[in-house]
Asker: 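Can you keep this structure in mind? I'll have questions shortly.
In the text below, chain A, chain B and the rest are named by the order of the sequence lines, each starting its count at 1.
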Amino acid sequence: IENLHDVFPGNETKLGMSRGVPEPKLTAVDAMIDKLTGAIFVFQLVVVIVLGIAGNVWKETEAIKINSILISGFVMAHRPKQWYVRYPPEGQWYELLIIPLRFELLCSIMIPISIKVSLDLVKSLYAKFIDWDIEMYDPESGTSSHAANTAISEDLGQVEYILTDKTGTLTENRMIFRRCCISGIFYGNESGDALKDVDLQNAVFTGSPDVIRFLSIMAICNTVVPTKSKSGTISYKAQSQDEDALVNAAAHLHVTLASKSGNIIVINYNGSNIQYELLDTLEFTSDRKRMSVVVRDCQNGKVILMSKGADEAILPYSFPGQHTKIFCEAVEQYAQLGLRTLCLAWRELMEDEYREWSLMFKEANSTLWRLAEVCQRLEHNLEILGVTAIEDHLQDGVPETIEMLRKAGMYFWMLTGDKQSTAIQIALSCNFISPEPKGQLLLIDGKTEDEVFRSLERVLLTMRITTAEHKEVAFVIDGWALEIALKHHRKAFTELAILSRTALCCRVTPSQKAQVLQSSLAMLHGLRYGCWVQLVELLKSCDYRTLAIGDGGNDVRMIQQADIGVGISGREGLQAARAADYSIGSNINQYFIAEFRFLTRLILVHGRYSYNRTAFLSQYSFYKSLLICFIQILFSFISGVSGTSLFNSVSLMAYNVFYTSIPVMVSVLDKDLSEKTVMQHPQILFYCQAGRLLNPSTFAGWFGRSLYHAIVVFVISMHAYANEKSEMEEVAMVALSGCIWLQAFVVALETNSFTILQHLAIWGNLAAFYIINWILSALPASGMYTIMFRLCRQPTYWLTMLLITVAGMGPVLALKYFRYTYTPSKINILQQAERLGGPILSLGNIEPQSRSFEKEVSPLSITLPKNRNPVYEPLLSDSPNSTRRSLGTVTPFDFFQSSSRLSSNYSRDYKTN
Amino acid sequence: SKFTQQELPACKPILTPKWVITAFTIVGIIFIPIGIASLSASNDVVEIVDRYETACIPEDSSGSKDAKIRFIQGNSSKTCNRTLTVPKHMKNPIYVYYQLDNFYQNHRRYVKSRNDQQLRSNDSASETDGCKPEAEANGQPIVPCGLIAWSLFNDTYNFQKNNAQLAVKKKGISWKSDRDHKFGKDVYPKNFQQGSLIGGASLNESYPLSDQEDLIVWMRTAALPTFRKLYGKIEVDLEANDVIQVTLENRYNTYSFNGKKKLVLSTTTWLGGKNDFLGIAYLAVGGLCLFLALSFTGIYFVKPR
């Protein structure tokens, strides 16, 4: 019944409405870039104000103030110090603004406008790489992956929480009828396949009435449409995979749904046709959790009610006196095996009763008023016939995928509409949780708020204690408790969510149903999805990046709400409906993959590379803009703080558009580690999750580098071209070429893997710089006529370039080498292992270290396991454990400080709620 | 394709100690000879620098800055005699420069104050955009307009060796490209230095701008506040201990801004004039690279990682 969400819902349906308007999303990287841009803007303002004031002071003292009182009688009277500048002695007040405005113009290039364009370009390339990836192509269904939103690939690499739907996401959503229990007799228990059970076949053959009735309900009580092809074979079109499985199973057992024409349903049993007249259909809703049909047996005219539904929706309505215990046991047993169960029941209706009810039903049906209540009137005193058990096969590689992503530091939440025991079973089978004694499963439930709260507290306490041990703790929460927890105990629940690496949310139990219905939210959204959306919001409010993965319409809102939505689009037949589902107003944040197992590659390979590349590209863009800007600022100190631009406008424009933007573009091909290494060491994703490669402290490094390079270029070119060589245009070109040389080597140094394209772009760009400038120098009309030819003939020029390059890159290389060798990050270690072929050494020490921090965490430090704040750490200590290690060795004094810092972190997390 | 799968064959260098130490060593080994070569080239240059702005003020005017300014703006004779001794053999051509100091030719207001179109052709003689406040005088456009031209340096030097005139060639001191393309052959100075304030030198109105090489040199603005500009070339060798008498007209006002004025005679080498910077920088960087290579090696042996 789960599968009803494969039906395409219109926009006016509950589901369609609940989809909501997706808000545009900003990736964490973009947010960080915006923050840095803001900081640079403030810096720019400060520079403009300071230099503006300095400029006016210079002007006032040097160029306006008359430096001596001259005795009258001389022809040339008053002259200020720097007389040749000829400032008018008295100006308007607004002339004070001229110099600051000139500096504003000079510094406007400090914020690289091109960064947005380059980022958009590379982001669309990331998306294309995802689309093109043949390793994420599912040959079975012929679907490749698709990135519907090109803007958020970096976020994939920074995911921390994965919320996954179960049906169709973890499972194949290909239902197979496996077992059944008819009138207390279990079939299929030995072979694991009821269809091959000899007992059942015999029962059908001998025509056991219970079995035949059971199979008839399987065949009739559904909305399946049979179509007969010319060759005589019958195929079924079902909205739900469960129904499809049931009808097919019945057909296999010789009770075939032959045709449905109008109200006449024809069942073929052992060659003879039995006709039923369909009177009413009591449709499935997620509240009722069952569906029924009322049919008239055309042979004897009897009116029969046939029901199928979830155990809690059927078993309580059995006729008094029937022993449902055996069915409860069956349901429990099947759930333990991870099978989906349905109970089948029937009742013969009195003609009068039906007629009376029928009138009510018609009225209710036409007004849609109290429909459920009217249905309820008929669905009681049922005779339970049996229980079916359907297997929903796990998709290929699901356990491995989950294991790998958990290693990569993901927090998993599984959301399912299944029973608790089924959910736990599935979770076990796909490595979600570990069996005792390694893992521990805690349960949060309760009927009332108080009970839920107490249960929550208890679990929280256990969790705090056990995090000190090396144990995988997970908790299970049912829908009702989740609702209460989210509503009334957000704080405690958030803490729990942060502590627990795994959580299962499963469906509500019947006793809670009445209360649940009172919740208006539940009415509006459909319970579980409303909660899930809230859950996503909760996680996001704590600054966690969430990824929601699902396959069907019901998950759309959750998928939209999460930072990243991933849709499974693999199963043929359903694909179109799903694609349609997603395409409606939701081009925001989605990726489509054919199977769940591709999630690993999507996150670890594409997400990670995208993050790394964007981190480099964006910081490099700032670096090169700052570089040229710092040179201008330095030049202003020797040009009377007047705001003279050293470079001509053509050079400035070309610097941003050509010279510096092309080489960095090919960094989209850069790979710091090979895909294989990343897959072997998924823990390395931590660097992306914690934002280690792009944060204020790495940015400070780039800022310092640009300042240093600016000083190198400026000092060297000004001194090498001093005295008689000190010609503006020439010096400007020397400084500019110095920048170009430096940036070529910066890109080269920061590139981890050189493909032919990288070489082309980096060195080709350098060559192109000279070609472009030779062309410009050949045009008599241009300001730099002959300049570049003159320079290139001078040995001084080439010596200057060499000096700038070595003086600029030497320290950078030395520093990088030193960090690389003596305080290597885990990435560096893996790089060394990968390229020098010494993998075993490093393989060992990554895992225990990254695990060790979990041990060191005291119960006090509630947010600490997730304290991934990457900022304000010294640049050198970028190993993932540095924060934790330092916490392990705190002195009493430190401890005080660090715990107060923790508590502030802690309160920050909740304040936002 | 390999591109779409991001599987292009790639070379993945890493910073191994061997690689880094080798790189630093090689750079050091290359840099030190270059440094020595540059330094010796710079040392080969024979340079005579004579600072004359204070010495060329008569005793009675040299008291205060005011007095100096009064002198330089007054009408009294500004002729001044200097004696230079050649320290070493100077091979021709010997370049004669004047060096100014604390003069901001790169000031934004100054550097923009010119009109290239007006300089290029007679057709646009009346174009004076951007030349303010030296655009017009007496209602007529100034050619060449602008502050740069207006403040043209006007000290003159006259050299004598053993009472014989030492010829200073003033032709060909500017860039050929400037003479040919930037300063028109049909553009003649007009209305120049006719305003109420006289800045610097006047121009001979019978020569086109392309022949006014002092102006062309001056209008190649300097990037630094200290700069040398070519005054002329002496095309004979000077022997060691030769005594050169310089008769100069000290007209240009650098006293307002406490600027120095220097007369420079210099030979050149493949590296240009005397400039120790490159040599010293190369030696320093090369030495530092070798030092880094050595210390990296040392550290590597003590603690491989």
Side-chain angles (χ1 to χ4, degrees), chain A residues 62 67-68 70 74 76 79-87 102 129 132-134 638-640 642-644 646 669 671 716 718-728 731-732 752-757 780 785-786 795-796 799-800 803 806-807 810 813-814 816-817 820-822 831-832 835, chain B residues 4-6 8-15 17 20 27 31 34 38 65-66 69-70 73-74 97 99 104 106-111 133 147 151 175 177 181 197-199 220-230 253 256-257 270-273 275 277-278 281-282 285 288-289 292 296 305:
Chain A
E62 297 283 318
N67 62 335
S68 58
L70 295 170
F74 286 105
M76 291 182 198
R79 276 193 169 183
K81 281 185 189 167
Q82 308 283 355
W83 51 269
Y84 47 90
V85 184
R86 289 273 294 272
Y87 267 109
R102 277 185 189 149
F129 280 140
W132 284 330
D133 196 337
I134 45 166
I638 58 156
S639 63
S642 58
T644 318
L646 176 63
L669 293 172
K671 291 172 156 189
I716 292 179
M718 286 301 160
H719 280 93
Y721 275 72
N723 295 335
E724 76 281 357
K725 291 203 190 96
S726 173
E727 200 277 322
M728 269 284 261
V731 173
N752 294 296
S753 64
F754 290 91
T755 65
I756 179 81
L757 287 175
Y785 180 53
T786 69
T796 319
L799 286 183
T800 310
L803 183 63
V806 170
L813 176 70
K816 188 172 172 170
Y817 161 77
Y820 195 91
T821 315
Y822 296 102
Q831 279 174 339
Q832 283 165 6
R835 286 158 209 186
Chain B
T4 59
Q5 298 308 311
Q6 309 185 52
L8 285 173
C11 133
K12 299 176 176 177
I14 58 168
L15 297 174
V20 173
V27 168
F31 264 48
I34 295 180
S38 311
K65 191 173 163 186
D66 272 3
I69 295 169
R70 243 175 282 138
Q73 294 186 343
Y97 301 101
Q99 176 174 342
Y104 288 87
N106 54 14
H107 193 280
R108 191 187 148 96
R109 210 178 138 80
Y110 184 85
V111 83
L147 289 174
S151 59
W175 295 7
S177 60
H181 292 101
L197 279 174
I198 311 276
R220 277 271 157 209
T221 49
L224 288 166
T226 302
F227 56 88
R228 286 176 187 177
K229 292 211 178 280
L230 194 55
N253 176 15
S256 293
F257 50 87
W270 57 277
L271 213 52
N275 188 348
F277 174 78
L278 270 184
Y282 263 89
V285 171
L288 209 65
C289 284
L292 278 178
F296 281 163
R305 55 185 57 251

Asker: What's the separation between atom CG in B/Leu224 and atom CD in A/Glu727, rounded to the nearest 0.5 Å?
Answerer: 11.5 Å
Asker: Are A/Leu799 and B/Leu271 packed together at the side-chain level, in the sense that at least one heavy-atom pair is separated by less than 4.5 angstrom?
Answerer: yes
Asker: So which part of B/Cys289 gets closer than 4.5 Å to some heavy atom of chain A, the side chain, the backbone, both or neither?
Answerer: side chain
Asker: Closest approach of A/Ala720 and B/Phe277, non-hydrogen atoms and distance?
Answerer: N-CD2, 3.8 Å
Asker: Answer with side chain, backbone, both or neither: which region of A/Ile716 has an atom nearer than 4.5 Å to a non-hydrogen atom of chain B?
Answerer: both
Asker: How are the rings of A/Tyr87 and B/His107 set relative to one another: parallel (under 30°), tilted (30 to 60°) or perpendicular (over 60°)?
Answerer: perpendicular
Asker: Closest approach of A/Lys81 and B/Phe257, non-hydrogen atoms and distance?
Answerer: O-CD2, 3.3 Å
Asker: Picking from A/Gly640, A/Ala807, A/Ser726, A/Ser753, which has the most non-hydrogen pairs under 4.5 angstrom with chain B?
Answerer: A/Ser726
Asker: Would you say the side-chain atoms of B/Asn275 pair up with the backbone N or O of A/His719, donor to acceptor, closer than 3.5 Å?
Answerer: yes
Asker: So for A/Lys725, is it side chain, backbone, both, or neither that comes closer than 4.5 Å to the heavy atoms of chain B?
Answerer: side chain
Asker: Checking A/Val731 against chain B: side chain, backbone, both or neither under 4.5 Å from a heavy atom?
Answerer: side chain
Asker: Do you know which two heavy atoms are closest between B/Ala10 and A/Thr755, and how far apart they sit?
Answerer: CB-CG2, 3.7 Å
Asker: Would you check if the side chain of A/Glu724 reaches a backbone N or O of B/Gly273 as a donor-acceptor pair within less than 3.5 Å?
Answerer: yes
Asker: Which answer fits A/Leu669, side chain, backbone, both or neither, if we ask what part of it has an atom under 4.5 Å from a heavy atom of chain B?
Answerer: side chain
Asker: Measure distances from B/Leu292 to the heavy atoms of chain A and classify the residue's part below 4.5 Å as side chain, backbone, both or neither.
Answerer: side chain
Asker: Just verifying a value: how many Å separate A/Phe754 CZ and B/Leu8 CG, rounded to the nearest 0.5 Å?
Answerer: 14.5 Å
Asker: Please identify, among A/Ala814, A/Gly810, A/Ala732, A/Gly643, the residue contributing the most non-hydrogen atom pairs under 4.5 Å to chain B.
Answerer: A/Ala814
Asker: Do A/Thr644 and B/Tyr110 have side chains that approach each other closer than 4.5 Å (heavy atoms only, starting at C-beta)?
Answerer: no
Asker: Verify, without hydrogens or angle tests, whether B/Arg109 (side chain) and A/Val85 (backbone) share a donor-acceptor contact under 3.5 angstrom.
Answerer: yes
Asker: Could you state the interatomic distance from NZ (B/Lys12) to NZ (A/Lys671), rounded to the nearest 0.5 Å?
Answerer: 6.5 Å
Asker: Given side chains that start at C-beta, do those of A/Thr786 and B/His181 come closer than 4.5 Å, heavy atoms only?
Answerer: no
Asker: Given heavy-atom pairs under 4.5 angstrom as the criterion, report whether the side chain, backbone, both or neither of B/Pro9 touches chain A.
Answerer: backbone
Asker: Is the backbone N or O of A/Tyr84 less than 3.5 Å from a side-chain atom of B/Tyr104, with the two atoms forming a donor-acceptor pair by type?
Answerer: no
Asker: Pick one of side chain, backbone, both or neither for A/Asp133, based on which atoms fall under 4.5 Å of a heavy atom in chain B.
Answerer: both
Asker: Grab the two heavy atoms, one from A/Ile134 and one from B/Gln5, that are nearest each other, plus how far apart they are.
Answerer: N-OE1, 3.0 Å
Asker: Please report the shortest heavy-atom distance between A/Tyr817 and B/Val20, naming the atom on each side.
Answerer: CD1-CG2, 3.4 Å
Asker: So do A/Thr821 and B/Leu15 actually touch side chain to side chain, heavy atoms under 4.5 Å?
Answerer: no
Asker: Please name the pair of heavy atoms, one in B/Gln99 and one in A/Asn723, separated by the smallest distance, quoted to 0.1 Å.
Answerer: NE2-OD1, 4.5 Å
Asker: Do B/Tyr282 and A/Leu803 have side chains that approach each other closer than 4.5 Å (heavy atoms only, starting at C-beta)?
Answerer: yes
Asker: I'd like to verify something: which residue of B/Ile34, B/Val285, B/Leu278 has the highest number of heavy-atom pairs under 4.5 Å with chain A?
Answerer: B/Leu278
Asker: Can you say whether B/Phe227 sits under 4.5 Å from chain A via the side chain, the backbone, both, or neither, judging by heavy atoms?
Answerer: both
